[in-house]
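Quick note on labels: first sequence line is chain A, next is B, and so on, each numbered from 1.
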2 protein chains.
Amino acid sequence: MRIGELSRLTGASVRSLRYYEEQGLLRPLRRPSGYREYREEDAATVRGIRLLLAAGLSTTTIGEVLPCMVDDGEMLAPACGGMIPDLLRERERLSAAAADLLAARDRLDAILATTSALDPVDPSECEAIAPAT
Amino acid sequence: MRIGELSRLTGASVRSLRYYEEQGLLRPLRRPSGYREYREEDAATVRGIRLLLAAGLSTTTIGEVLPCMVDDGEMLAPACGGMIPDLLRERERLSAAAADLLAARDRLDAILATTSALDPVDPSECEAIAPAT
DNA sequence: CTGGACTCTCACATCGGCGTGAGAGTCAAC
DNA sequence: GTTGACTCTCACGCCGATGTGAGAGTCCAG
């Protein structure tokens with residue numbers, strides 16, 4: 001199939017598909033005209049790429065992990081254990097990032113807690129300190 | 001105090017301090033020479049800015065929230081209720097972002113779960129599929 | 001008065017995953 | 001053969017906080 005159809009199948013923009021190729025994540029064949037020719041499995045690969053991207057992995061990391069995965073009909077499945085350390089590292093990263101966000105939220109909560117004590121809005125003071133226009 | 005000292009006090013780079021000013025978050029006085037002159041409270045303000053930045057707020061949002069806060073000796077404390085909706089919105093955003101990360105982690109876990117079944121590393125297949133060098 | 005540390009103002013570079021055009025070639029239906 | 005949809009390859013723009021460097025002025029201790 002050509003790039004437009006793969007785009008429709010996967011929801012990835014044409015630009016994104018070319019970008020994934022540029023990053024070494026896809027390797028479509030080329031017609032004599034130069035047109036990219038994709039295989040059926042590439043749809044699964046693209047879905048896998050997008051899943052991992054959404055998980056916060058960089059294309060570089062995905063490139064290290066992807067060669068160890070195979071088309072599982074619908075989705076991408078792992079084909080060997082070599083990628084496990086990478087994925088575990090990413091798992092760690094995700095946990096840590098989420099923890100950071102929650103910690104930040106707690107700090108916001110702390111601020112909000114102090115604020116509720118003076119709920120009666122007192123904008124006068126704000127004006128006094130407000131930055132220049 | 002001058003910018004270098006404030007930088008040392010807060011851990012923010014000199015560049016960042018100038019950037020915060022450019023964004024309207026700080027308003028140091030100026031000496032005749034053009035040197036910025038900061039007040040003691042500015043240290044607390046900068047710490048507040050960095051806390052909110054680390055929480056994922058943009059300088060723009062911080063700019064809306066900051067005028068409603070006052071120096072609390074060490075840290076920044078809210079001075080009026082007008083900022084509450086903004087902070088609640090950001091709280092929501094943080095919760096959602098954290099949830100996204102955890103969901104992504106779950107998907108990674110799903111992949112890892114499939115992988116552990118074939119733990120005996122089988123790199124041969126990897127070579128076959130691996131992208132070009 | 002001199003030198004070294006400090007500060008000033010531009011202003012360009014970075015990172016990453018795309019959006020968005022320009023200009024040109026290709027494909028397929030009529 | 002013509003048209004319109006599709007595709008190709010550059011290549012710059014973006015966002016946001018910050019790094020980095022140039023060239024020039026300022027401060028203060030010796």
Within this structure, what is the [atom1]-to-[atom2] distance between [X] and [N], rounded to whole angstrom?
X	N	atom1	atom2	value
Glu21(A)	dT7(D)	CD	C1'	13 Å
Arg30(B)	dC8(C)	CZ	P	6 Å
Met1(A)	dC6(D)	CE	C1'	16 Å
Glu22(A)	dG17(C)	CD	C1'	11 Å
Ile62(B)	dG16(D)	CD1	P	12 Å
Leu52(A)	dG16(C)	CG	P	17 Å
Leu25(A)	dG16(C)	CG	C1'	13 Å
Arg31(B)	dC8(C)	CZ	C1'	13 Å

Measure across [X] and [Y] and return the closest heavy-atom pair with its distance rounded to 0.1 Å.
X	Y	value
Ala104(A)	Ala54(B)	CB-O, 4.3 Å
Leu57(A)	Arg93(A)	N-NH2, 3.9 Å
Gln23(A)	Thr59(A)	OE1-OG1, 3.5 Å

Checklist entry - How far does the helix from dC1(C)-dG30(D) to dC30(C)-dG1(D) bend, going by the axes of its first and last five pairs, to the nearest 10°? => result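 Angle reported: 20°, given to the nearest ten degrees.
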Checklist entry - Where do Glu37(B) and Arg2(B) land on the salt bridge (charged side-chain N to carboxylate O under 4.0 Å, His left out) test, with the steps shown first? => result CA-CA 5 Å; Glu37(B) 183 67 31; Arg2(B) 293 184 310 188; over 6 Å; no
Next on the checklist: Short of 4.0 Å, heavy atom to strand atom, which residues of residues 100-108 of chain B count as contacting DNA chain D?
Outcome noted: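 The answer is none.
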Next on the checklist: One thing to verify: whether Arg8(B) and Glu5(B) come together as a salt bridge, which I'm taking to mean a side-chain N less than 4.0 angstrom from a carboxylate O.
Outcome noted: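 So Glu5(B) does not pair with Arg8(B) through a salt bridge.
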Checklist entry - When you check the gap from the basic side-chain N to the acidic O, do Arg30(B) and Glu21(B) get nearer than 4.0 Å? => result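 A salt bridge is present here (some side-chain N lies under 4.0 Å from a carboxylate O).
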Next on the checklist: Quick check on contacts: within residues 2-14 of chain B, what sits under 4.0 Å from DNA chain C by heavy-atom distance?
Outcome noted: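 Hits under 4.0 Å, by residue number: Arg2(B), Ile3(B), Gly4(B).
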Item to check | CA sep, side-chain torsions, deciding dist, call: Thr45(A), Leu25(A), side chain to side chain contact (heavy atoms under 4.5 Å, CB included) | outcome: CA-CA 8 Å; Thr45(A) 304; Leu25(A) 308 183; over 6 Å; no
Item to check | From Glu92(B) atom CD to Arg89(B) atom CZ, the distance as rounded to the nearest 0.5 Å | outcome: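 The distance works out to 11.0 Å.
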Looking at [X], I'd like to know whether one of its side-chain N or O atoms comes within less than 4.0 Å of OP1 or OP2 on [N].
X	N	result
Thr59(A)	dG16(C)	no
Tyr19(A)	dG17(C)	yes
Arg18(A)	dC8(D)	yes
Arg36(A)	dC8(D)	yes

Item to check | Distance-only polar pair, side chains of Tyr20(B) and Arg27(B), donor-acceptor under 3.5 Å | outcome: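 No, because no side-chain N or O of Tyr20(B) sits under 3.5 Å from a partner of the opposite role on Arg27(B).
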Checklist entry - Closest nucleotide of DNA chain D for Ser58(B) versus for Pro32(B): which of these residues is on the 5' side? => result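 Per heavy-atom nearest nucleotide, the more 5' residue is Ser58(B).
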Item to check | Trace of the side chain to side chain contact (heavy atoms under 4.5 Å, CB included) decision for Arg50(A) with Val46(A) | outcome: CA-CA 6 Å; Arg50(A) 310 216 97 209; Val46(A) 170; 4.1 Å; yes
Checklist entry - Passes side-chain hydrogen bond (donor to acceptor under 3.5 Å, both in side chains), Arg105(B) versus Ser95(A)? Steps please. => result CA-CA 7 Å; Arg105(B) 195 188 63 179; Ser95(A) 296; 2.8 Å; yes
Next on the checklist: Between Ser16(A) and Arg15(B), which residue's closest nucleotide on DNA chain C lies nearer the 5′ terminus?
Outcome noted: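 Nearer the 5' end of the strand: Arg15(B).
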Checklist entry - Do Tyr35(B) side-chain and dC27(D) base share a donor-acceptor contact under 3.5 Å? => result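 Such a pair does not exist between side chain and base.
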Checklist entry - Under 3.5 Å, side chain of Thr10(A) to main-chain N/O of Leu6(A), donor-acceptor pair present? => result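 Yes.
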